[in-house]
Amino acid sequence: MATFQSLPGFREFYPESLARRNHMFRLWRQTATAFGFAEYDAPVLEPLDLYRAKSGDEIEAQLFSFVDKGGREVALRPEMTPTVCRMVGAKANALKRPIKWFSVAEYYRYERAQKGRERAFFQFNADLFGEPGPEAEIELIALLVQCLRAFGLGEEDFFVRLSDRNLWFFYLEALGLDDVRIRAMLSAIDKFEKLGEDAFKSYIEQFGPLDEGIKAKVLAFLEIKTLADLEQRLGSIAGEKLAARLADWRKLLGGLEAMGLGRFVEVDLGVVRGLAYYTGFVFEAFDRKGELRAIAGGGRYNDLVAKLGGPDLPAVGFAIGDVTLGLLLEARGLMPQLVQASDIYCVVGGEAERKAAFADINALRAAGFRTEYPLKDVAFGKQFKLAADSGAKLALIYGADELAKSTVKIRDLANRSEMEVPRDQVLATVRDFFAGE
RNA sequence: GCGGCCAUAGCUCAGUUGGUUAGAGCACAAGAUUGUGGAUCUUGGGGUCGCGGGUUCAAAUCCCGUUGGCCGCCCCA
């Protein structure tokens, strides 16, 4: 038992788990690149004020923050959004629109670790700046869906819940609620699933009694499951803002439908997303069985770039975490067993044969073939077992017989066939073999 | 930050009402096996029983504290 343990919520990645992590990173990068997003990176340590400015003082309790030796208040980044807003804001005028960026990075939050939640975790982050219309949401939700489908997850495994803070705002406004009550209502709606209908009804009266008719209308709004439902509910309510919003909804869902992704997206106005700075569409991805916490979340944040000192720049973004997605992939058997398989295993007889093998081993490795050999003398029989264990496709046999003839025996470990080639043709023969694979 | 359950080998676990030197399977290593395969058999290494204190002639076992894990609450950017 180790005297020194790793800190709570911080994971150590042994080769097998690092391979799984890299598997995720690889598919995320591949997918984002295919969507035309460019990768960037940024500092792990930031001024504490960056997060205070974005999320308020309460955020500090959830941060790994401290005073550095220069007396600066700093924090390990808990998310990428403020950083990327600063970066984009600083060069907004020089960047081609739309700005489509992504990153894969580690984040740190001082929270109690739970299933699906660690104190240090990785996120895939994608953001699109400079496009105010729902075209941006189409692009991002399509990317989100594809980032999950790339692992082999299907519509039976996950779905995206789509909501809209603007729609709520305009709707509640049309129902006659003032600004303060609208905000209270949004926070209540966020808790609706947990509270249940009765607790919800009393919760929303914390700023005073509320007309039963309004309560009923809010609850009915939460029932909405499709665009047709939404159009029907809003049909009786006049208002330019609501009409424009409805047009955006049609465009967004129509676009996703046209991409063939309609079956992955559900209208669910119960999604409001926390304290957030979100200003329009918001969305979250969940596993279908509802066993895990959110796989991904995001939305529009049109005010944040300006709030952090940049120009007015509309933006939409989302993040996928590695922890919950990892759990889902494990549960669905979609996390491949990524063993480090060799290409070639060299079976060596003794010291003289080893020296002969070394020259070839180095040449094979320089040519990019993953080549292994026993570091110390091992019985021949055991070496073939080691060769099989290594996952190598070929065994190169350097024995006394071969050395005498200046040849090497090459064994195809899959079909157990063997051939003998002159030493100077080993590399060429191996190249041919792997080229033909 | 709050509450519940848990902690024995790298992993999964056994360990009787407190009683000799804490065990098994898997994994790892060596041998059987000096030229051909994921097998088998034999052997071996590996433990401050999470850590600290207490009760006792005697503690893996009982008590207290602490650290860590899992689950839930708060939060979830």
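Protein chains get the first letters and strands the later ones, always in sequence-line order, with residue 1 at the start of each.
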Under the salt bridge (Lys or Arg N to Asp or Glu O under 4.0 Å) rule, collect the residues that match up with [X], sequence neighbours excluded.
{"X": "A:D248", "value": "A:R245"}
{"X": "A:E131", "value": "none"}
{"X": "A:R288", "value": "A:E266"}
{"X": "A:K382", "value": "none"}

Using a 3.5 Å limit on both pairing distances, list the dot-bracket string of RNA chain B from the 5' end; Watson-Crick and G-U wobble pairs count, crossing pairs take [ ], interstrand pairs take |.
(((((((..((((.....[...)))).(((((.......))))).....(((((..]....))))))))))))....

What's the [atom1]-[atom2] distance between [X] and [N], to the nearest Å?
{"X": "A:M80", "N": "B:A77", "atom1": "CE", "atom2": "C1'", "value": "14 Å"}
{"X": "A:K191", "N": "B:C73", "atom1": "NZ", "atom2": "C1'", "value": "13 Å"}
{"X": "A:Q114", "N": "B:C73", "atom1": "CD", "atom2": "P", "value": "7 Å"}
{"X": "A:Y51", "N": "B:C76", "atom1": "OH", "atom2": "P", "value": "17 Å"}
{"X": "A:R117", "N": "B:C73", "atom1": "CZ", "atom2": "P", "value": "10 Å"}
{"X": "A:F64", "N": "B:C76", "atom1": "CZ", "atom2": "P", "value": "18 Å"}
{"X": "A:F318", "N": "B:A77", "atom1": "CZ", "atom2": "P", "value": "15 Å"}
{"X": "A:Y277", "N": "B:C76", "atom1": "OH", "atom2": "C1'", "value": "12 Å"}

Whole-Å [atom1] distance, [N] and [M]:
{"N": "B:A58", "M": "B:C75", "atom1": "C1'", "answer": "49 Å"}
{"N": "B:A60", "M": "B:A22", "atom1": "C1'", "answer": "8 Å"}
{"N": "B:U55", "M": "B:G65", "atom1": "C1'", "answer": "15 Å"}
{"N": "B:G18", "M": "B:U61", "atom1": "P", "answer": "11 Å"}
{"N": "B:G45", "M": "B:C71", "atom1": "P", "answer": "38 Å"}
{"N": "B:G72", "M": "B:G31", "atom1": "P", "answer": "50 Å"}
{"N": "B:A39", "M": "B:U20", "atom1": "C1'", "answer": "40 Å"}
{"N": "B:G3", "M": "B:C13", "atom1": "P", "answer": "28 Å"}

Distances under 3.5 Å only, N/O to N/O: pair up the protein atoms with those of nucleotides 2-6 of chain B.
| residue | atom | partner | partner atom | Å |
| --- | --- | --- | --- | --- |
| B:C2 | N4 | A:R112 | NE | 3.3 |
| B:C2 | N4 | A:R112 | NH2 | 3.3 |

Base, sugar-phosphate alone, or nothing: which one does A:Q383 contact when heavy atoms must sit under 4.0 Å apart?
nothing

Heavy atoms under 4.0 Å, any strand shown: does A:P8 hit a base, just sugar-phosphate, or nothing?
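Touches sugar-phosphate only.
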
With sequence neighbours excluded, give me every side chain to side chain donor-acceptor pair (under 3.5 Å) pair touching residues 316-327 of chain A.
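The answer is A:R11-A:D322.
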
So A:W28 and A:F124, would you call those rings parallel, tilted or perpendicular, with 30° and 60° as cut-offs?
tilted

Produce a footprint string for nucleotides 29-39 of chain B: one letter per nucleotide, 5' end first; B if the base is under 4.0 Å from any protein heavy atom, S if only the sugar-phosphate is, - if neither.
------BBBBS

ring-ring contact (aromatic ring centres under 6.0 Å, His included) with A:F283: which residues, sequence neighbours excluded?
none

Is A:S163 reaching over with its side chain to a backbone N or O of A:V271, donor-acceptor style, under 3.5 angstrom?
yes

Answer yes or no for A:R354 and A:Y398: cation-pi contact, defined as NZ/CZ to six-membered ring centre under 6.0 Å and angle to ring axis within 45°.
no

For residues A:M185 and A:W168, determine if any side-chain heavy atom of one lies less than 4.5 Å from a side-chain heavy atom of the other.
no

Under 3.5 Å, side-chain donor or acceptor atoms of residues 154-162 of chain A against the rest of the protein: list the pairs with distances, not counting sequence neighbours.
| residue | atom | partner | partner atom | Å |
| --- | --- | --- | --- | --- |
| A:E155 | OE2 | A:R263 | NE | 2.6 |
| A:D157 | OD1 | A:R332 | NE | 3.0 |
| A:D157 | OD2 | A:G154 | N | 2.8 |
| A:R161 | NE | A:D268 | OD2 | 2.7 |
| A:R161 | NH2 | A:E193 | OE2 | 2.4 |
| A:R161 | NH2 | A:D268 | OD2 | 2.8 |

Close residues, residues 282-307 of chain A, relative to RNA chain B [heavy-atom separation under 4.0 Å]:
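When residues 282-307 of chain A is checked for heavy atoms under 4.0 Å from RNA chain B, the hits, listed by number, are A:R293.
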
Chi angles and distances behind the salt bridge (Lys or Arg N to Asp or Glu O under 4.0 Å) call for A:D303, A:K307
CA-CA 6 Å; A:D303 302 334; A:K307 197 173 172 185; over 6 Å; no

For A:A120, side-chain contact (heavy atoms from CB on, under 4.5 Å) partners two or more places apart:
A:F10, A:E106, A:Y108

Kindly give the heavy-atom pair with the smallest separation between A:A42 and A:M87, and that separation in Å.
CB-SD, 3.9 Å

Shortest non-hydrogen contact from A:G270 toward A:L222:
CA-CD2, 3.6 Å

Between the base of B:A77 and the side chain of A:R109, is there a donor and acceptor pair under 3.5 angstrom?
yes

